[in-house]
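Take a look at the structure set out below.
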Amino acid sequence: MSPPQSGTTMAAESEKRECGFNHTEIEPAWQEAWDEADVFAIPDDAEDPAYVLAMFPYTSGNLHMGHVRNYTITDAFARFERMRGEAVLHPMGWDSFGLPAENAAEDRDTNPRDWTLSCMDSMREQLTRMGFGYDWDRELATCDPDYYRWNQWLFQRFQDAGLVERQAAELNWCPSCETVLADEQVEGEDELCWRCDTPIEHREMDQWFLTITDYAEELYEALDDLDDWPNNVREMQRNWIGKQEGASVAFDISGYDEVDIFTTRLDTIYGATYFSLAPGHPVAQEIAEDNDEVAEYIEMAAAADEDDLDVTSGVFTGEYAVNPATGEEIPVYVADYVLTDIGTGALYAVPGHDDRDHEFASAHDIPIQQVVEPAEDAEADPEDIDVQEAAYTEDGLLINSGEFDGLESEAARDRFVSEFDGEHRTEYNLRDWGISRQRYWGTPIPMVWCNECGAVPVPEEDLPVELPEFVQTTGNPLDATEDWKHTTCPECGGPAERETDTMDTFIGSSWYFLRYVSPDLEDAPFDSERASDWMPVDQYVGGSEHATMHLIYARFFTKVLDDIDLIDGVREPFENLTTQGMVLGEDGLKMSKSRGNGVSPQRIIDEYGADTARLFIMEAAQPEKEFAWDSEGVRSAHDFLQSLYTLATEYSRGEVSTGEGSTIADYVAREIDATAASATSEYEDFRFNHALQAVRELVSLLRRYREVTAVDPGTFENGLVTATKLLAPVAPHVAEEIWAKLGNDGLLAEAGWPAAEAPEDYDLERRLIEDTREDVRDIVETVGIEDPAEITLAVAPAWKHDVADVARDAENVVPAVMQNEDLQRHGEDAADFAKDLAARGHVDQFLSPERELATLQRAAWLIEREFEADVAVLSAKDAPDDLASKAEPGRPAIDIVE
RNA sequence: GCGAGGGUGGCUGAGCGGCCAAAGGCGGCGGGCUUAAGACCCGCUCCCGAAGGGGUCCAUGGGUUCGAAUCCCAUCCCUCGCACCA
């Protein structure tokens, strides 16, 4: 008869459950404990804390895997720094203004404020359940009047500093969102709205601008010194700012104003065979007044969609421009390929040396003139160049350029500036920052329009200009709220209207990292002195989608704030930047609703707990790399946590048999130290996956240790504690639980980081052990030894080490060795060994014979265990001569008896 | 087209002048534990080899070096940014 199956299974399972942890119980409990102990609060008087920051989330209402990854990274790092004894500022807040709230309000019959606040509540709850440790006392929300009043205040300070302008501009208008979009918010060739994919239109409107272009040069140049930023982000910013060094020169067009051109190739000016104006250029417009053909073309170009026009489209104006270099008259065209807002919107065209000019000239039968030929060291042969066929766009030597023939391009560019009365000029792609948005849910721009006085700033004491109640309307709700809109002029007291545009939400995210420093301050946006001490942010982590917009704006704000003395000597906000990679679906593709491959953090927390999710994410890849979700990996992370917990539980219950210290204990002790050391440096380098791998290896070692012998309690417990601490930043709840289980007082979150010194020459020890084990395996296998009974390891004699030491630095190894009196005594043997070493080309570092002996003795148990054989480790003098003679430094002689 | 970053064993992915036939994981194979399975543990996983040896190898081709996966040059391919930018 056999016992009922179900009975045994249930018993086994309940026993297992008894040993394991239940995440639904321990996680909330420890979250509460941290909260009660105020672990994550940082006092205002902290000095230069480690500032660890994740990009604050937009208040969409739910956390996705990208957030979870982002915040796990900063939380782990913040916890790591805290355990190392650093004061840590790790705050959280809400990017809570913006269009989606208005849309959501419309869909759900509520208003943006209520909707946003409820989103914040639910996200805060989710963050807490993940066990992220924030100083919630410093929480901020950009939609809070106490926050956005400072957007308004700062707007006025920018105004004082001459950084605000009202400009008419052709702007990107999304007909669906009914708002102006920044260039950055228009996507792709088709120019689609980033939010709703509607094709955008262009409208001419008056807008408020921040003149970020005043800082273009510094924003560009300072990128070189942001050494701890990813290269690609810096490169993207360089592209975005688009610095171009060149020169401008004036051309006369008879009957019209002088026209300035901008060029980076002034050396080719002798080859200019026509002149071209953008359709939007004022002189083109002027010409159009008297020239129907030009007028027609300009109209057509303005109406045409991008790419509708051929690159060779253009029209001859009948006018001629004088080339200041040659004095020749060249025909003036209006051509769409010349862009109004690039350079000066006018250029002289050199078809011989520019591809687009070449194409245009060919289409319009304009002469092509070569003025540069390849220099001697160039790849191209001057004989092979035929500019009638294709433009030669490289630098070279000038020809057909009058007295300047033979000059190098570079030199010519410099020389021609003065020669032709031009000036050196640097152009940037960066445009001023249009911040006006025709939306409700944003920061009201604190200006009043008065018929008498024009645009008047709202006085400081009247800030904030608060948003009125939301009303449903097709246009801008602020425009529709009459009693809000109508006010009196602060200057003349007459009737006036408020500015109804609100600010771009990127204003709010351009300085939020400063507000965290003093979130409740009532008379300034932030405490200047403290901010100057606490800034810059030491570690900033977020998605690379913010590489240009947010990160440039925040840099711009920081520089301005420094210049207007609100902070002192902080010119860059983010010292280290990490852009985290995407979390892909299990199929390796981007998670999306349509694919249905999304994984909800909520579900993972419910099923496995926050620690498992955090551990899996951190083990999966380095922060900047993308990785695919893998339920196998999640399970493995969970199993690991359970097994460590179980091991600790068993130990704490006295179920692990204990005994005296031994060489095995010594071995384990060294591994513990080495693990702490390597995990620490991996944490420092943001390579959490490597750190966690080391922890897994340590835990595995502890399990084997316990299996093979009665453990030394001090060593074993130290191993458990060390593994737990190293794991704590990533899996904090389980770690606390184990910490308590092992009888420790206080919170692990506040405990000290393990001392992190690897034993001296640990790497050499490791090598010796691994090489030796490898060699034993190799022998057993190659020889085909079925069942090894006895394995003897003999360390090389001291004199061989001496030979190696001499050989390592010697020019001529053999003579150097044989000239050494002590070594001469070993005669032929020494010479032979020296020859061997010489043949290898270089000599490794080795441990001393004594260290080798001790190292192998400590590691002998691993070999014993693996081969189930007795292992003897002998010094050279204790070993039989014929065995010892085969040993070399770093390589013991091995004898295996079956 | 311009720029940045890459191409490593069945897959993934570390390494970035000698310690590299190249970590870890996954997958596969064999063994241990177990009534069995899972978990766990021990190996193997480019080719040859009856004592730790030899050969070939890190996209392709050339080069530097006593020595290259690692440095340089060229080519091909991938990914990402920018792009009618004067």
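Chain A is the first sequence line, chain B the second, and so forth, proteins listed ahead of strands; every chain is numbered from 1.
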Phosphate OP1/OP2 of A23(B): any R687(A) side-chain N/O under 4.0 Å: no
Angle class for the Y333(A)/F360(A) ring planes (parallel below 30°, perpendicular above 60°, tilted otherwise)? perpendicular
Nearest-Å distance, CG (L647(A)) to P (C40(B))? 13 Å
Any idea which heavy atoms bring P279(A) and V334(A) closest together, and the distance? CA-CG1, 3.7 Å
Categorize I896(A) for me: base, sugar-phosphate, or nothing, with a 4.0 angstrom heavy-atom threshold over every strand shown. base
With both distances under 3.5 Å as the test, what is the Watson-Crick or G-U wobble partner of C2(B)? G81(B)
Calculate the interatomic distance between N232(A) atom CG and C82(B) atom P; express it in whole Å. 11 Å
Under 4.0 Å between a side-chain N or O of R777(A) and OP1 or OP2 of G43(B)? yes
From the candidates G52(B), C19(B), A86(B), the one with an atom nearest any side-chain atom of L347(A) is A86(B)
How far does the C1' atom of G27(B) sit from the matching atom of G18(B), given to the nearest Å? 33 Å
Under 4.0 Å, heavy atoms only, any strand: does R773(A) hit a base, just the sugar-phosphate, or nothing? sugar-phosphate
Using a heavy-atom cut-off of 4.0 Å across all strands, would you classify T263(A) as base, sugar-phosphate, or nothing? sugar-phosphate
In whole Å, I'd like the distance from the CZ atom of R696(A) to the C1' atom of A23(B). 15 Å
Rounded distance (Å) that lies between atom C1' of G81(B) and atom CE of M549(A): 13 Å
Just checking N231(A): base, sugar-phosphate only, or nothing, at a heavy-atom cut-off of under 4.0 Å? sugar-phosphate
Base of C26(B), side chain of D630(A) - is there a donor-acceptor contact under 3.5 Å? no
Atom CD of E774(A) to atom C1' of C19(B): distance rounded to whole Å? 14 Å
Heavy-atom nearest nucleotide on RNA chain B for D341(A) versus E697(A): which residue maps closer to 5'? E697(A)
Counting the atoms with a prime plus P, OP1 and OP2 as sugar-phosphate, which does D355(A) contact under 4.0 Å by heavy atoms, base, sugar-phosphate, or nothing? nothing
Between R696(A) and S636(A), is any side-chain donor less than 3.5 angstrom from a side-chain acceptor? yes
Please determine whether a side-chain nitrogen or oxygen atom of R703(A) lies at a distance below 4.0 Å from atom OP1 or OP2 of C41(B). yes
Write down the distance between CG (L837(A)) and P (C66(B)), rounded to a whole number of angstrom. 20 Å
Under a 3.5 Å cut-off for both distances, is U65(B) Watson-Crick or wobble paired, and to whom? none
Expected output: side-chain E888(A) to main-chain A796(A) donor-acceptor under 3.5 Å: no
Rounded to whole angstroms, how far apart are CD on E707(A) and P on U34(B)? 12 Å
Under 4.0 Å between any heavy atoms, over every strand shown, what does Q693(A) touch: base, sugar-phosphate, or nothing? Just pick one. base
Applying the 3.5 Å cut-off to both distances, the Watson-Crick or G-U partner of C44(B) turns out to be G28(B)
Both distances below 3.5 Å, Watson-Crick or wobble geometry, any strand: find the nucleotide opposite G49(B). none
RNA chain B: 5'-proximal contact among L764(A) and E626(A) (nearest heavy atom): E626(A)
Say we look at U75(B) and G24(B): how far apart would their P atoms be, to the nearest angstrom? 38 Å
Hey, is the side chain of Q622(A) poking within less than 4.0 Å of OP1 or OP2 on A14(B), counting only N and O atoms? yes
Interatomic distance where NZ belongs to K590(A) and P belongs to C80(B) [whole Å]: 11 Å
Please determine, for C76(B), whether a Watson-Crick or G-U wobble partner exists with both distances under 3.5 Å, and give it or none. G7(B)
Over all strands shown, is D763(A) touching base, sugar-phosphate only, or nothing at heavy-atom distances under 4.0 angstrom? nothing
Considering just the side-chain nitrogens and oxygens of T548(A), establish if one lies under 4.0 Å of OP1 or OP2 belonging to G81(B). no
Is S636(A) touching bases, backbone alone, or none of the nucleic acid, heavy atoms closer than 4.0 Å? nothing
Let's test your reading of the model: under 3.5 Å, does the base of G52(B) pair with the side chain of D778(A) as donor and acceptor? no
Modelled atom types, side-chain donor and acceptor of D267(A) and S409(A), under 3.5 Å: yes
When you measure from the side-chain N and O atoms of K886(A) to the phosphate of A51(B), is any distance below 4.0 Å, counting only OP1 and OP2? no
G30(B) versus A37(B) - spacing of their P atoms, nearest Å: 13 Å
Candidates G3(B), A14(B), C19(B) - which lies nearest the side chain of D844(A): C19(B)
If we only count heavy atoms from C-beta on, is the F867(A) to I896(A) side-chain gap below 4.5 Å? no
Using a heavy-atom cut-off of under 4.0 Å over every strand shown, decide if P788(A) touches base, sugar-phosphate, or nothing. nothing
Between S700(A) and R704(A), is there a side-chain donor-acceptor contact under 3.5 Å, judged purely by atom types and distance? yes
Under 4.0 Å, counting only non-hydrogen atoms across every strand here, what does V350(A) touch: a base, just sugar-phosphate, or nothing? nothing
Whole-angstrom distance between U56(B) and G5(B), as gauged at atom P: 34 Å
Hey, does the side chain of Q244(A) come within less than 4.0 Å of A86(B)'s phosphate (OP1/OP2), counting only N and O? yes
Can you tell me if the side-chain N/O atoms of R234(A) get under 4.0 Å from OP1 or OP2 in G81(B)? no
Quick one: do the E586(A) and S631(A) side chains pair a donor with an acceptor below 3.5 Å? yes
If you measure from the P atom in C66(B) to the same atom in G61(B), how many Å do you get, rounded? 23 Å
For residues Y270(A) and Q369(A), is any side-chain donor paired with an opposing acceptor at under 3.5 Å? no
The side chain of I894(A) lies closest to which of these nucleotides: C41(B), G52(B), C19(B)? G52(B)
Does G53(B) have OP1 or OP2 under 4.0 Å away from a side-chain N or O of R891(A)? yes
Taking atom P in both A69(B) and G17(B), compute the distance separating them and give it to the nearest angstrom. 13 Å
